Structure formats: C-alpha cells, structure tokens
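Worksheet for the structure shown next.
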Amino acid sequence: MMNTTDSYAALRTTAGLYHRQGEVIRLTGLHRGRLLSWMLAKQSEFAEPGTVLESLILDADGAVEGAVLVVFDEDSILVLGDTSPSLLHVATSAIDSMQLAETHVQQEEDFGFAIAVEGPLSWKVTDGIPDDDMAEILLNEWRPGNLDGQKCIVVRIGTTAEYGYVLFTSLEAGPSAMQKLAVRSQDVAGGEIDPSVLRRAQAEVNHPVLPVQALGLSIFEAGIQWMAPPNRDDDYRGRSAVSFEPPTRRIVAASTSGEDFPLEGQEVTDEGKPIGVVQLSTPRAGLETGFGLLLLDVPYCVPGITLNVGGQTLTTLARPAVNPLSWTQQIGA
C-alpha cells in the first residue's frame with residue numbers, strides 16, 4: 001500500500017486501487033423492484049438492466065444510514081453498501097413487513113467482493129477484462145468480464161470525478177483479484193492506495209463522505225440531496241421524516257494554506273463570533289493546502305470568505321475544488 005502522498009497522486013494522475021468495503025446482497029423474485037424502491041432514497045423504478053445507480057439509504061427518522069451501489073440485471077439486482085443495520089437485515093425486514101410474496105434476498109458470494117479503481121488511467125487497469133472496448137462502457141453502465149478465467153462484473157462508476165470502475169468478483173477470488181489489479185495499476189505508475197485519502201478526493205468534488213459528513217444532519221444540511229432527490233411521490237424508507245424546510249446551516253468546503261486542516265468538531269468563528277464547526281477534516285496528503293468541510297450558519301455557508309478555527313485561517317471554496325484530468329483526457333487516448 002502506498003503512503004498518503006503517493007495515494008492521492010495516484011487518484012488524481014494515474015490509477016488508485018482499493019477494496020470497496022461493504023456487503024453485497026442479491027434481490028430476486030416477483031417484487032424485487034418494489035422492494036428496492038422502498039429501500040432507496042433515490043427513485044429506481046425506471047432503471048434498465050445493464051445500468052447502475054448510487055443512492056442514499058435513510059433510516060425511519062430520515063437520517064442518512066449509508067449509501068449503496070445498485071447493479072441491475074435482467075432477473076436480479078445486486079446491491080453493495082456499507083450500512084448499519086446491514087442491508088440483509090433491512091431487505092429481509094421489508095419483505096416481511098410489506099408481505100412481498102415470491103421475493104427473496106441473500107448474501108451474494110459469486111460477485112460478493114468489490115474492488116474499485118479510480119483515476120484518469122483507471123480504464124487501462126480494467127482494459128481487456130470486459131469484452132467491450134472501455135470507451136464503449138458509459139458512466140453508470142456495467143459489463144460482464146473475465147479476469148484470468150474468473151467471472152466478474154465491471155461497473156463504470158466513480159467517487160472522485162476521475163474515471164472510475166468497480167470490479168465485482170467472488171468472495172473466494174477477491175484477494176487474488178486485488179493482487180492482479182494492483183500489478184496492473186503499478187504498470188501505469190499507480191497502485192493500492194491508503195483509503196484515508198479518499199476522504200479528500202471525494203470531498204473536493206462534492207461526493208458524500210459517509211458517515212461523518214451527514215452525522216446529525218439532514219440531507220439538505222449535508223448538501224447531498226442529489227443522492228436522495230426529494231421530489232418522489234411514492235413511499236420509501238424514511239420519507240415521512242424528511243424535512244423540506246430551508247436549512248439554517250449548511251456544509252461548505254474550505255482550505256488552509258501551508259498547514260493541516262483543523263480537527264473535526266472544532267469551533268469556527270468570524271471575527272470572534274461562533275458560526276459553526278469543522279464537520280470533516282481530510283489528510284493533507286503532501287499537498288500545499290489542507291482541505292475539509294465546515295458546517296456553517298446561514299448566510300456564512302458560501303465560498304470566498306475568510307474564517308478562523310483555533311487561530312488558523314481558513315478560506316471557504318466552491319466545488320469542485322480541483323480540475324480532474326479525466327475531464328480533458330479521453331479513454332483510449
């Protein structure tokens with residue numbers, strides 16, 4: 001595993017590999033779509049086989065319980081998520097309470113191990129695993145694949161605004177697949193990353209950093225309502241508790257110059273007046289600036305103002321706070 005400096009550089013310039021943690025379950029049967037729709041905060045009714053989506057999962061009180069990646073096939077649905085309680089428990093309880101006959105959920109073994117590769121050269125790491133050319137796999141699509149004789153699924157999805165892929169393989173073959181993909185990533189000057197740098201790479205581009213970003217917050221305060229659109233008419237878990245009142249505080253990104261970002265929970269002030277707290281602090285990862293997220297009262301939660309945390313000067317920022325290379329480099333070039 002690389003150090004934090006090299007890990008961040010790999011995510012932004014080459015390719016970074018990591019085990020995408022969480023359990024994988026498979027939904028099958030007559031009402032699997034209805035079951036999934038109730039579990040997710042984002043609408044899934046019109047998702048087509050061959051596609052994927054990401055969504056928040058809310059608890060009964062409307063709080064963020066976690067996020068999931070959903071893979072749609074012709075006759076089943078794979079769901080990867082790191083939630084508490086477990087996905088299996090949530091799905092099983094829903095089948096019972098909703099009386100969904102001929103609908104089943106089980107822990108997935110054949111594709112129960114997920115490996116993520118992100119970075120502008122990540123497509124080179126997964127090239128040749130699916131039958132299709134990598135440029136033909138669009139964002140939020142997946143293809144079946146084969147890694148040295150082991151069946152797998154290759155999903156095009158990412159969390160850093162760079163190109164990204166998630167490879168699902170069996171629980172048994174997972175560690176071996178990690179090693180093989182690590183060698184492939186090293187061939188493009190990348191490698192297995194320290195997962196802690198994901199907090200920075202994700203926060204820079206407004207991808208949710210869970211659970212810390214949403215702790216004690218509504219989806220609107222946390223700024224992650226795009227993963228739980230509030231305009232659904234149908235029922236879903238936690239919907240009745242979601243508040244649509246304009247928030248009085250919001251998340252905003254900020255940076256420090258030449259020093260680490262302040263620790264989470266520290267008070268933020270403006271000319272001595274308390275106006276919020278540090279919600280998320282990320283590793284500096286060898287960069288000139290520290291980076292994190294602040295929870296600030298309205299109207300301070302805007303980019304371009306200077307604030308203070310324990311004697312440190314912070315400047316609030318608009319996001320994305322980086323210029324991803326994947327926005328200008330083509331797959332296959």
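All of these numbers come straight from a predicted model, not from anything done at the bench. All residue numbers refer to positions in the sequence shown, counting from 1.
- Results of the side-chain contact (heavy atoms from CB on, under 4.5 Å) test with L56 over T83, V64, V68 single out V64 as the only residue that passes.
- Using a 4.5 Å cut-off between side-chain heavy atoms of Ile, Leu, Val, Met, Phe, Trp and Tyr, L78 falls into a hydrophobic cluster with V24, V52, L69, V71, L80, F111, W142, I153, V155, I157, V166, F168.
- Salt bridge annotation for R237-E65: present, with a cationic side-chain nitrogen under 4.0 angstrom from a carboxylate oxygen.
- Just one residue in the list V268, D270, T316 forms a side-chain contact (heavy atoms from CB on, under 4.5 Å) with Y300, and that residue is D270.
- In this structure, E108 pairs ionically with R26, as a charged nitrogen and a carboxylate oxygen lie closer than 4.0 Å.
- Here the side chains of Q107 and I25 are in contact, with some heavy-atom distance below 4.5 Å.
- Contact check for L198 versus I193: side-chain heavy atoms found under the 4.5 Å cut-off.
- Atom-to-atom distance recorded for Q150:CD and I129:CD1 is 11.5 Å, nearest 0.5 angstrom.
- Side-chain atoms of R232 and S37 include a donor-acceptor pair closer than 3.5 Å.
- Between the side chains of Q312 and T256, no donor-acceptor pair is found at a separation under 3.5 Å.
- Judged as a ring-ring contact (aromatic ring centres under 6.0 Å, His included), the pairs with a partner in residues 11-65 (not counting sequence neighbours) are, in order, H19-F113.
- Note that CG of L53 and CG of L36 are 7.0 Å apart. Values are rounded to the nearest 0.5 Å.
- In this structure, a donor-acceptor pair under 3.5 Å is absent between the side chains of E162 and S122.
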